[in-house]
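Have a look at the structure below before the remarks.
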Amino acid sequence: MDAKVHELLNDQINKELYSAYLYLDIANYYAAKGLDGFSNWYEIQAREEQDHAMLFYHYLQNNSQAVTLKAIDKPDKTFTGLVEPLRAALAHEQYVTSLINTIYAAAQSVNDFRTVQFLDWFVKEQGEEEKNSSDQITKMELFGSDPKGLYMLNSELQSRVYSAPSLVL
């Protein structure tokens, strides 16, 4: 495996684990506000991000590549309104998309087709993540200032259940 591709894949493990920390922080914020549905959504997001980190971890191991774990940064966001965490989540997903695109481009540039194929799933996943985040902002802006609307949004998010990723290595 190309050294640069290996480095980017290894770094992505850390980025995915940071994403899990960020989403746990958001879940904690909403739990403190009494919005258990929003908290549930982001706790499940955190689990998904941990799964993504493990997919990168196992991909490297399955390709006889060393894994080097790094320190995970503490989330540094301070939220003062209910829509702010949603906006932070969208911005973060857009950032993760850029990271995946960078790895994809690096793998393509060295004809690492196995890694490109592996990353295809993440490209699709990031599209879903950005759409979910964007939709949450839209709904919060439309209905979140109305107590009944906020209650319905919270109930909708409470119904989310965890499901493991569908990618098979």
Side-chain angles (χ1 to χ4, degrees), residues 9-61 67 69-101 103 118-169:
L9 289 166
N10 193 88
D11 287 347
Q12 193 62 30
I13 296 168
N14 180 271
K15 303 297 186 189
E16 298 292 340
L17 291 172
Y18 173 80
S19 297
Y21 269 33
L22 176 63
Y23 292 143
L24 282 176
D25 196 42
I26 291 172
N28 188 47
Y29 173 80
Y30 283 124
K33 298 292 182 189
L35 294 169
D36 57 342
F38 283 83
S39 182
N40 175 64
W41 177 274
Y42 282 99
E43 286 177 20
I44 291 172
Q45 268 316 102
R47 286 185 69 188
E48 280 191 6
E49 302 303 342
Q50 291 169 332
D51 288 342
H52 295 170
M54 293 307 296
L55 288 168
F56 282 100
Y57 174 86
H58 287 295
Y59 180 77
L60 286 172
Q61 286 187 335
V67 172
L69 300 177
K70 300 176 182 179
I72 302 166
D73 291 336
K74 177 184 175 192
D76 61 353
K77 305 285 184 212
T78 302
F79 307 117
T80 58
L82 297 180
V83 75
E84 286 179 22
L86 304 178
R87 288 190 180 119
L90 175 58
H92 185 73
E93 289 301 340
Q94 291 167 334
Y95 168 66
V96 172
T97 297
S98 76
L99 295 171
I100 298 296
N101 290 344
I103 304 169
F118 168 70
L119 292 171
D120 281 340
W121 183 88
F122 287 95
V123 170
K124 181 177 181 274
E125 175 72 5
Q126 283 309 119
E128 292 173 9
E129 299 287 15
E130 286 187 34
K131 178 158 181 15
N132 286 339
S133 292
S134 181
D135 287 351
Q136 285 184 359
I137 292 168
T138 299
K139 289 177 182 179
M140 180 64 88
E141 288 174 344
L142 286 171
F143 311 114
S145 61
D146 172 60
K148 290 178 185 172
L150 183 58
Y151 177 81
M152 293 302 291
L153 288 174
N154 190 62
S155 296
E156 177 184 318
L157 297 177
Q158 181 63 45
S159 68
R160 183 181 187 195
V161 295
Y162 170 76
S163 60
S166 59
L167 178 63
V168 178
L169 297 179

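Side chains are part of it too, since the values below use all heavy atoms of this structure and drop only hydrogens, waters and symmetry mates.
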For [Y], is there any backbone N or O sitting under 3.5 Å from a side-chain donor or acceptor partner on [X]?
{"X": "N154", "Y": "F38", "answer": "yes"}
{"X": "S39", "Y": "L35", "answer": "no"}
{"X": "Y30", "Y": "L82", "answer": "yes"}

- Between Q126 and E93: side-chain donor-acceptor atoms closer than 3.5 Å: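 Distance-only check passes for Q126 and E93.
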- Query: Do D51 and Y162 have side-chain N/O donor and acceptor atoms under 3.5 Å apart?
  - Reply: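 Yes.
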Taking the basic N atoms (NZ, or NE/NH1/NH2) and the acidic carboxylate oxygens, is any pair closer than 4.0 Å for [X] and [Y]?
{"X": "D25", "Y": "K74", "result": "no"}
{"X": "D135", "Y": "K131", "result": "yes"}
{"X": "K124", "Y": "E128", "result": "yes"}

With rounding to the nearest 0.5 Å, note down the distance linking [atom1] in [X] to [atom2] in [Y].
{"X": "I100", "Y": "Y95", "atom1": "CD1", "atom2": "OH", "answer": "10.5 Å"}
{"X": "I103", "Y": "Q12", "atom1": "CD1", "atom2": "CD", "answer": "4.0 Å"}
{"X": "Y59", "Y": "F118", "atom1": "OH", "atom2": "CZ", "answer": "7.0 Å"}
{"X": "Q94", "Y": "L99", "atom1": "CD", "atom2": "CG", "answer": "12.5 Å"}
{"X": "L60", "Y": "L55", "atom1": "CG", "atom2": "CG", "answer": "11.0 Å"}
{"X": "Y21", "Y": "Q50", "atom1": "OH", "atom2": "CD", "answer": "9.0 Å"}

Contact check, side chains of [X] and [Y], non-hydrogen atoms, under 4.5 Å:
{"X": "I26", "Y": "L22", "value": "yes"}
{"X": "W121", "Y": "H52", "value": "yes"}
{"X": "K70", "Y": "I13", "value": "no"}

Do you know the tightest heavy-atom contact between [X] and [Y]?
{"X": "A89", "Y": "Y42", "value": "CB-OH, 3.6 Å"}
{"X": "V83", "Y": "E141", "value": "CG2-CG, 4.5 Å"}
{"X": "G37", "Y": "L157", "value": "O-CB, 3.3 Å"}
{"X": "A71", "Y": "N14", "value": "O-ND2, 2.7 Å"}
{"X": "E49", "Y": "A20", "value": "CB-N, 3.6 Å"}
{"X": "F122", "Y": "L167", "value": "CE1-CD2, 3.9 Å"}

- Can you list the residues that meet the salt bridge (charged side-chain N to carboxylate O under 4.0 Å, His left out) rule with K77, with sequence neighbours excluded? none
- Go through the structure and list residues passing salt bridge (charged side-chain N to carboxylate O under 4.0 Å, His left out) with E130, not counting sequence neighbours.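 Checked E130 against salt bridge (charged side-chain N to carboxylate O under 4.0 Å, His left out); zero matches.
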- Item | Test side chain to side chain contact (heavy atoms under 4.5 Å, CB included) applied to V96 and S19, step by step | CA-CA 9 Å; V96 172; S19 297; 3.9 Å; yes
- Message: Which residues pass the side-chain hydrogen bond (donor to acceptor under 3.5 Å, both in side chains) test with Q45, not counting sequence neighbours?
- Response: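 So Q45 forms a side-chain hydrogen bond (donor to acceptor under 3.5 Å, both in side chains) with E129, R160.
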- Verify side chain to side chain contact (heavy atoms under 4.5 Å, CB included) between L119 and F56, making sure each step is shown before the conclusion. CA-CA 10 Å; L119 292 171; F56 282 100; 3.9 Å; yes
- When you look at L153 and F143, which way does the side chain to side chain contact (heavy atoms under 4.5 Å, CB included) test go after all the steps? CA-CA 8 Å; L153 288 174; F143 311 114; 4.3 Å; yes
- Message: Is there a side chain to side chain contact (heavy atoms under 4.5 Å, CB included) between W41 and N132? Walk through the geometry before answering.
- Response: CA-CA 11 Å; W41 177 274; N132 286 339; 4.1 Å; yes
